[in-house]
Trainee: 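Sharing a structure, written as structure tokens. Questions coming.
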Amino acid sequence: MTAPRRPPLGRLGGREVEMAGHVPPGGPDEGPTGRPAFRATLVRWPGAGGWVFAPVPDAHAPGAAGPFGRVPVTATVDGRTWSTSVWRDRAAGWLLAVPARIRAGKDDGDVVTVAVEVDHTRL
């Protein structure tokens with residue numbers, strides 16, 4: 001019997017973090033236009049006022065980074081949708097900053113369901 005595959009590790013804020021895993025499409029695990037969602041473990045960037053990010057796996061990320069490594073998206077986290085951007089970090093890969101008003105009490109180490117869709121009207 002083979003051991004279950006773990007998500008690949010990335011580096012975020014100087015520490016190794018598990019990258020996101022895929023959630024099968026259907027039901028509540030789809031984004032606002034039906035794009036498949038994934039589960040991500042929230043990671044707080046170290047330091048005072050550190051942001052909280054959801055790592056975005058390559059399978060769910062934009063095809064290329066825009067200016068300053070950012071791409072505008074419509075993001076959904078645990079059923080809450082807003083307009084934002086994802087960024088490409090050289091060490092950690094694609095990152096979605098998740099503000100406190102969206103996290104609803106969740107923080108570093110908590111698992112959320114995420115969907116991101118490129119917002120072509122803001123490119």
Trainee: V118 and side-chain contact (heavy atoms from CB on, under 4.5 Å): which partner among S85, P62, P72?
Mentor: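 Testing V118 for a side-chain contact (heavy atoms from CB on, under 4.5 Å) against S85, P62, P72 leaves exactly one candidate, P62.
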Trainee: Are the charged groups of R88 and D58 less than 4.0 angstrom apart, N to O?
Mentor: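 A salt bridge is present here (some side-chain N lies under 4.0 Å from a carboxylate O).
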Trainee: I need the R101 CZ to R80 CZ distance, nearest 0.5 Å.
Mentor: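 So the gap between those two atoms works out to 10.5 Å.
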Trainee: Once you round to the nearest 0.5 Å, how far does OG1 of T74 lie from NE2 of H120?
Mentor: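 Going from OG1 on T74 over to NE2 on H120, the span is 10.0 Å.
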Trainee: Among D78, V98, L96, find the one that has a side-chain contact (heavy atoms from CB on, under 4.5 Å) with V114.
Mentor: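 Of the listed options, the one satisfying the test is L96.
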Trainee: Which heavy atom of W51 sits nearest a heavy atom of A97, and at what distance?
Mentor: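 Looks like CE3-CB, 3.7 Å.
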Trainee: Counting C-beta onward and ignoring hydrogens, is there a side-chain heavy-atom pair between V71 and W87 closer than 4.5 Å?
Mentor: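 They are not in contact (no side-chain heavy atoms under 4.5 Å apart), so the answer is no.
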Trainee: Could you pull out the closest heavy-atom pair between A75 and V116, with the gap in Å?
Mentor: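 Smallest interatomic distance, heavy atoms only, reads CB-CG1, 4.1 Å.
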Trainee: If Ile, Leu, Val, Met, Phe, Trp and Tyr residues are connected whenever their side-chain heavy atoms lie under 4.5 Å apart, and connections chain through other members, are F68 and V73 in the same group?
Mentor: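 Hydrophobic grouping puts F68 apart from V73.
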Trainee: In the structure I gave you, are the side-chain heavy atoms of V52 and D108 within less than 4.5 Å of one another anywhere?
Mentor: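 Answer no - side chains too far apart.
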Trainee: Quick check: closest heavy atoms across A37 and T113, and the distance to 0.1 Å?
Mentor: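 Shortest heavy-atom contact: CB-CG2, 3.8 Å.
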Trainee: As an exercise, state the distance from CG of L42 to CG of D107, rounded to the nearest 0.5 Å.
Mentor: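 One gets 7.5 Å once the value is rounded to the nearest 0.5 Å.
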Trainee: Applying side-chain contact (heavy atoms from CB on, under 4.5 Å), run through W45 and F53 and close with a yes or a no.
Mentor: CA-CA 8 Å; W45 196 267; F53 294 95; 4.0 Å; yes
Trainee: Atom OG1 of T81 and atom CD1 of I102: how far apart are they, to the nearest 0.5 Å?
Mentor: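 With rounding to 0.5 Å, OG1 (T81) is 8.0 Å from CD1 (I102).
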Trainee: Would you please test V77 and W82 for side-chain contact (heavy atoms from CB on, under 4.5 Å) and show each step?
Mentor: CA-CA 9 Å; V77 171; W82 80 109; 3.7 Å; yes
Trainee: What verdict does the side-chain contact (heavy atoms from CB on, under 4.5 Å) test give for R39 and V112, after you've listed the backbone C-alpha separation in whole Å, the side-chain angles of each residue and the deciding distance to 0.1 Å?
Mentor: CA-CA 6 Å; R39 294 201 196 288; V112 293; over 6 Å; no
Trainee: Mark yes or no for whether K106, through its side chain, and V111, through its backbone, hold a donor-acceptor pair below 3.5 Å.
Mentor: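 Side chain of K106 to backbone of V111: a pair is present.
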Trainee: Check the orientation of F38 and H60. Use parallel for under 30°, tilted for 30 to 60°, and perpendicular for over 60°.
Mentor: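 Answer is tilted, since the angle falls between 30° and 60°.
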Trainee: Treating R44 as the side-chain partner and G50 as the backbone partner, does any N or O pair qualify as donor plus acceptor under 3.5 Å?
Mentor: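 Present.
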